[in-house]
Asks: 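This is the structure, below, for whatever I ask next.
Naming convention: chains lettered A, B, ... in sequence-line order (proteins, then strands); numbering from 1 in each chain.
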Amino acid sequence: MFKELQFRKDGSRAGLLKTRAGSVASPFFMPVATRGAVKSLEPAEVAGTGAQVLLENTYHLHLAPGEKHIKKLGGLHNFSQWPGPILTDSGGFQIFSLAHARKITEEGVIFRDPVSGQKVSLTPEKSMQIQLDLGADIIMAFDDLTGLDPSKAKVREEQAVEHTHRWLQRCITEFNRLTDKTHKVKRPLLFGIVQGGLDKQLRQKSVEFVQSSGVDGLAIGGLSVGEGTQQMHDMLEFLAPLYDPDKARYLMGVGQPNNLRFAIEHGIDMFDCVLPTRNARHGSVWVTGDKKLNLKNVEHATYKGPIDKNCDCHTCKTGYSRALLRHLFKANDPLAGKLASIHNLRYLQRICESYRP
RNA sequence: GCAGGGAUGACGGAGUGGUCAAUCGUAUCUGACUGUAAAUCAGACGGCUUAUGCCUACGGGGGUUCAAAUCCCUCUCCCUGCA
């Protein structure tokens with residue numbers, strides 16, 4: 001599944017992740033296309049930033065337009081017009097992001113969709129079924145993700161880890177059932193997720209459990225949920241020596257440039273994050289030195305240069321000025337968010353590329 | 001000319017005696033955003049300021065009142081009818 005090509009003194013490694021939709025050079029960053037598209041961008045534009053893999057979401061696509069519908073339309077690759085590998089998140093993150101509108105049981109989770117009001121239940125089995133119907137190439141186990149609730153952190157964290165482990169076993173069973181030889185489907189990859197919050201013992205236990213379960217890759221979940229940079233880095237440092245070298249390691253939801261570098265230098269191969277695209281739509285872009293620029297600010301109104309003169313993204317190379325972007329943001333023109341998204345995505349891709357041979 | 005109605009902070013627009021430096025929206029300024037309920041959310045927004053503090057303010061001027069954006073007189077401008 002994962003072939004390590006180069007290990008460097010800085011702790012980083014470069015390799016190749018083999019999926020049924022092609023091999024991917026690591027380390028890499030996956031833009032988030034929750035509902036089937038990276039907001040405001042066409043697939044070719046996403047690819048133009050250097051992205052190789054797209055992340056889409058089980059929960060949201062299940063709600064609309066539905067996995068059966070997508071399956072009929074030829075699967076996610078056809079539907080999203082993205083021929084390259086697609087990873088689907090399992091819906092586990094929604095346990096965290098929709099925490100006020102869901103109920104967790106041993107069986108799974110019942111969500112009350114905040115928009116439609118409809119009840120949606122997800123179980124490990126159902127998550128596997130949906131992801132396979134969608135046609136994802138990398139499938140995530142259904143995990144239980146908790147935030148940093150100080151009042152009941154310990155108890156809830158232990159529960160989350162136990163759920164995650166038991167659910168992983170159920171995911172594997174269901175995944176194997178649905179992908180055995182009788183189905184004639186070329187098997188996608190299945191990744192298990194490590195939980196444990198900021199508790200090192202729990203984390204270690206979780207890494208060992210997930211790695212010994214036979215999954216194709218290891219995801220670190222439950223970070224970037226509000227802890228400090230130092231706490232995140234401590235944990236990544238702690239986990240680094242525990243990884244199995246022939247499994248891909250995916251740090252979920254992390255996209256701050258400094259965190260990306262730190263993680264890569266502590267053995268992480270893959271990332272996803274909404275930050276580059278969401279921030280971009282809100283006017284916030286990264287420039288050399290990881291500095292954040294708010295393009296809506298009045299100081300850019302007369303700035304003729306690009307976002308970053310050192311940047312090779314389409315937006316900067318074409319010559320769109322900060323002054324224009326500021327104006328478009330102020331005028332609520334969606335082109336602003338789109339151009340800024342291209343820039344931010346490229347910023348993260350460049351970081352990844354700098355660690356490849 | 002006569003009769004009504006109106007003039008509120010950048011704009012729109014509440015408020016008709018004290019709890020009003022004045023609801024709210026827009027605009028403006030700033031910040032946040034990490035497996036997307038997010039082109040969203042939060043704060044600031046008369047001046048000076050650390051301020052529960054002072055000053056200047058609801059078209060101009062004058063008055064009544066302990067107290068006026070709110071009541072009275074007058075002037076200016078705008079709108080609607082009638083001549």
Side-chain angles (χ1 to χ4, degrees), chain A residues 29-41 53-61 63-64 87-102 111-118 120 127 131 136 138-145 147-148 164 191-195 217 219-229 232 250-260 262-263 268 270-286 292-301 325-326 328-341 344 348:
Chain A
F29 178 85
M30 302 176 280
V32 178
T34 304
R35 293 182 159 88
V38 177
K39 287 185 197 291
S40 85
L41 298 185
V53 184
L54 214 57
L55 181 145
E56 309 202 15
N57 182 276
T58 299
Y59 172 84
H60 291 289
L61 289 173
L63 274 181
L87 179 149
T88 43
D89 187 28
S90 61
F93 182 69
Q94 277 60 46
I95 294 176
F96 170 71
S97 66
L98 302 177
H100 54 95
R102 63 21 175 193
F111 295 95
R112 191 172 30 75
D113 185 62
V115 176
S116 65
Q118 66 178 296
V120 188
S127 181
Q131 294 184 70
I138 305 172
I139 283 176
M140 299 305 298
F142 189 58
D143 65 328
D144 184 358
L145 164 52
L148 304 169
T164 300
F191 277 44
I193 303 178
V194 173
Q195 289 294 346
I220 311 300
L223 288 179
S224 63
V225 292
E227 77 281 8
T229 302
M232 184 200 290
Y250 163 27
L251 179 57
M252 306 185 82
V254 168
Q256 210 81 255
N258 62 324
N259 292 339
L260 226 65
F262 188 92
I268 299 292
M270 46 199 284
F271 303 88
D272 80 282
C273 191
V274 303
L275 218 48
T277 44
R278 180 188 290 166
N279 279 1
R281 273 176 279 117
H282 297 166
S284 183
V285 290
W286 290 299
K292 259 169 57 179
L293 229 60
N294 187 346
L295 290 172
K296 292 180 184 172
N297 285 179
V298 69
E299 59 177 304
H300 302 116
L325 288 161
R326 156 162 156 105
L328 294 177
F329 271 115
K330 289 314 217 176
N332 290 320
D333 191 315
L335 179 60
K338 173 195 179 101
L339 293 172
S341 292
N344 274 350
L348 297 186

Asks: Between B/A14 and B/A21, how far apart are the C1' atoms? Round to whole Å, please.
Replies: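 Roughly 15 Å separates the two C1' atoms.
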Asks: Write down the distance separating the P atoms in B/G46 and B/U52, rounded off to the nearest Å.
Replies: 14 Å
Asks: For A/N297 and B/U28, is the shortest distance between a side-chain N/O and OP1 or OP2 below 4.0 Å?
Replies: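 A/N297 to B/U28 OP1/OP2: no side-chain N or O under 4.0 Å.
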Asks: Which residues pass the side chain to side chain contact (heavy atoms under 4.5 Å, CB included) test with A/P114, not counting sequence neighbours?
Replies: A/Y59, A/L98
Asks: To the nearest Å, give me how far apart CE (A/M30) and P (B/U34) are.
Replies: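 So the CE-P distance, A/M30 to B/U34, works out to 17 Å.
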Asks: Give one of base, sugar-phosphate or nothing for A/G255, where a contact means two heavy atoms less than 4.0 Å apart.
Replies: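 Contact class for A/G255: base.
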Asks: Do A/D143 and A/Q195 pass the side-chain hydrogen bond (donor to acceptor under 3.5 Å, both in side chains) test, and can you show the C-alpha distance, the side-chain angles, and the key distance before you say yes or no?
Replies: CA-CA 8 Å; A/D143 65 328; A/Q195 289 294 346; 2.8 Å; yes
Asks: At under 4.0 Å between heavy atoms, which parts of nucleotides 35-42 of chain B does protein reach? Answer with one letter per nucleotide, 5' to 3': B base, S sugar-phosphate only, - none.
Replies: BBBBBB--
Asks: Taking atom P in both B/U23 and B/A3, compute the distance separating them and give it to the nearest angstrom.
Replies: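 That atom pair is separated by 37 Å.
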Asks: Just N and O in the side chain of A/K292: are any of them under 4.0 Å from OP1 or OP2 of B/G31?
Replies: no
Asks: Which whole number of Å gives the distance between the C1' atom of B/U19 and that of B/C82?
Replies: 45 Å
Asks: I'd like the P distance from B/C20 over to B/G53, given in whole Å.
Replies: 14 Å
Asks: C1' atom, B/A69 versus B/A7: distance in rounded Å?
Replies: 12 Å
Asks: Restricting to salt bridge (charged side-chain N to carboxylate O under 4.0 Å, His left out), what partner residues turn up for A/K338, sequence neighbours left out?
Replies: A/E45
Asks: Can you find a side chain N or O atom of A/N294 that sits less than 4.0 Å from OP1 or OP2 on B/G31?
Replies: yes
Asks: Using the C1' atom in both, what is the distance from B/U80 to B/C11, to the nearest Å?
Replies: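 These two C1' atoms come out 24 Å apart once rounded.
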Asks: Mind checking the C1' distance from B/G17 to B/C71? Whole angstroms is fine.
Replies: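 About 8 Å, rounded to a whole number of Å.
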Asks: Can you give me the dot-bracket string for RNA chain B, 5' to 3', counting Watson-Crick and G-U wobble pairs with both distances under 3.5 Å, using [ ] for crossing pairs and | for partners on another strand?
Replies: ((((((((.[[[..)..(.....]]].(((((.......))))).(((....)))...[[[[[..)....]]]]]))))))).
Asks: Would you kindly give the CG-to-P distance between A/L293 and B/A32, to the nearest whole Å?
Replies: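 So the CG-P distance, A/L293 to B/A32, works out to 12 Å.
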Asks: Apply side chain to side chain contact (heavy atoms under 4.5 Å, CB included) to A/R112 and list each qualifying residue two or more places apart in sequence or on a separate chain.
Replies: A/A101
Asks: Can you name the side chain to side chain donor-acceptor pair (under 3.5 Å) partners of A/D89, sequence neighbours left out?
Replies: none
Asks: Using the side-chain hydrogen bond (donor to acceptor under 3.5 Å, both in side chains) rule, take A/D113 and A/S116 through it: C-alpha gap first, then chi angles, then the decisive distance, then the call.
Replies: CA-CA 6 Å; A/D113 185 62; A/S116 65; 2.9 Å; yes
Asks: The criterion is side chain to side chain donor-acceptor pair (under 3.5 Å); which residues satisfy it with A/T58, sequence neighbours excluded?
Replies: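 Partners of A/T58 by the side chain to side chain donor-acceptor pair (under 3.5 Å) criterion come out as none, since no residue qualifies.
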Asks: Taking side chain to side chain donor-acceptor pair (under 3.5 Å) as the definition, give me every residue that meets it alongside A/D272, ordered by chain and number, with sequence neighbours left out.
Replies: A/Y250
Asks: Which residues pass the side chain to side chain donor-acceptor pair (under 3.5 Å) test with A/Q131, sequence neighbours left out?
Replies: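 A/Q131: side chain to side chain donor-acceptor pair (under 3.5 Å) contacts with A/T88, A/S127.
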